[in-house]
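The sequence lines fix the lettering, A, B, ..., with proteins before strands; numbering per chain opens at 1.
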2 protein chains.
Amino acid sequence: MAKKTAKTYHHGDLREALIKAGRTILEKDGIEALTLRACARKAGVSHAAPQHHFASVSDLLAEIAATGFEDFVKALDKDAARAPSPVEKLKAMGQSYVAFARERPAVYQLMFGVGAPQSSERLQAAKVAAWEQLANAVSAAAGPDNNEAKAMQVWSAVHGFSMLVISQRLPPIINVPQALKRVIDGLAPAIGARP
Amino acid sequence: MAKKTAKTYHHGDLREALIKAGRTILEKDGIEALTLRACARKAGVSHAAPQHHFASVSDLLAEIAATGFEDFVKALDKDAARAPSPVEKLKAMGQSYVAFARERPAVYQLMFGVGAPQSSERLQAAKVAAWEQLANAVSAAAGPDNNEAKAMQVWSAVHGFSMLVISQRLPPIINVPQALKRVIDGLAPAIGARP
DNA sequence: TCCTTAACTTGACATTGACAAGATGTGGAT
DNA sequence: ATCCACATCTTGTCAATGTCAAGTTAAGGA
């Protein structure tokens, strides 16, 4: 206890319990297993109980995606903190980015999937935090000019690589670690950062 | 007639009709409307008719995705043909790539989504064709060294940008055309191509 | 002409998201 | 302290979906 926020009524905090259950299902059995009813079952409540906390399944998915973004930002921060220079920080974040996607493909898919839900205050906040983290790292490494476009360029590279790897769309010829190294090493030059 | 392949039995060619119906639904109403039964309805057959042509819904989606890849390769080829030099061809293909994704987000999502189906001979062939088209363009612009890694770098950049744009994950600050220009202009330098 | 067999239909089942109506318990008002 | 309004949760139901099973239709060779 003490961690929970609401601590209301019967269940204790069904809202957070459902989000946590969903996150567990997502990481264990993939996104196709992530249903409203499965979350309710895992939380030990009836199939219609989530209705009072989430207007639709999309709202629940948004909250689960938000926890994904929160963990994502933490992971990148942690790895960036170890790096000495801004450029090294940027590269470390790139590595961390791809590693997150490869280790939690289902979560990453939910976070960045096309059909993923848009709204949810918590999700919006988490997305903004992720973006600012990236934009700040790029600014630190390359100066403030063309800040957004440069950040988009970096983001596109690591995001595209991650998506291609986890979506299994790569031809078998590809040496993934070698290609990853090339993508990471290309980040700083792309934004005109002095090494 | 004459275009159809099987021309069998009652319907004429239900297999192709279902693929075409699916493609229409996909582009008109998005991927969430693309169901087996909806395709059957659109083709004017009963809900279980597709069973004899596609073992599961995943197999039908794979064939629809294959048509997407086929159109995709055609579109890139067409735009690349207009460009004079290898580097210009590469840039034209990048533009064409992003344009395809933005014009047909649902099709693109089906083609590259994480949950998208893997098998299907036709899909495999179409994917290989797309990859070779890209690899050849990169080779022509940058020479044969590190061919695959360079192609992956280019692919990651345009794919990541496309996915971010169509998944609505961008902060509103972003100037999309400006960011796109930066991504495209970055392709040739990234692979060490002489302009 | 018949008959094997592919193509298609009808009907069914489990699962899902969503809704409605009832049961339950919490916390504040009196 | 008692009671009541209301949030919380349950039970039951509905339409839609993918899949399967069994029956029906028609095509093309024997």
- prompt: In whole angstroms, how far is the P atom of C:dG17 from the CG atom of A:Leu60?
  reply: 10 Å
- prompt: Taking CD from B:Glu32 and P from C:dG17, how many angstroms apart are they, rounded to a whole number?
  reply: 15 Å
message: I'd like to check the ring-ring contact (aromatic ring centres under 6.0 Å, His included) partners of A:Phe72; sequence neighbours left out, ordered by chain and number.
response: A:Tyr97, A:Phe100
For residues 24-34 of chain B, which side-chain donor-acceptor pairs fall under 3.5 Å, sequence neighbours excluded?
| unit_1 | atom_1 | unit_2 | atom_2 | d |
| --- | --- | --- | --- | --- |
| B:Thr24 | OG1 | B:Lys20 | O | 3.0 |
| B:Glu27 | OE2 | B:Arg23 | NE | 2.6 |
| B:Glu27 | OE2 | B:Arg23 | NH2 | 3.2 |

query: Can you name the residues that form a salt bridge (charged side-chain N to carboxylate O under 4.0 Å, His left out) with B:Glu70, not counting sequence neighbours?
result: B:Arg122
task: To the nearest Å, give me how far apart NE2 (A:His52) and P (C:dG22) are.
output: 14 Å
message: Please report the distance, rounded to the nearest Å, between CZ in B:Phe54 and P in D:dC20.
response: 16 Å
field: Between P of D:dA26 and CG of B:Leu14, the distance in whole Å
entry: 16 Å
statement: Taken in chain and number order and not counting sequence neighbours, the residues that satisfy side chain to side chain contact (heavy atoms under 4.5 Å, CB included) with A:Pro86 are A:Ala140, A:Ala141
query: B:Asp13 has an atom CG; how far is it from atom P of C:dA6, in whole Å?
result: 17 Å
message: Let me confirm one number: the CG-CZ distance from A:Leu110 to A:Phe69, rounded to the nearest 0.5 Å.
response: 9.0 Å
query: What is the per-nucleotide protein-contact pattern of nucleotides 11-19 of chain D, from the 5' end, where B denotes a base atom under 4.0 Å from a protein heavy atom, S denotes such proximity for sugar-phosphate atoms only, and - denotes neither?
result: BBB---BBB
statement: Residue pairs passing the salt bridge (charged side-chain N to carboxylate O under 4.0 Å, His left out) test with at least one member in residues 96-108 of chain B, sequence neighbours excluded, are none
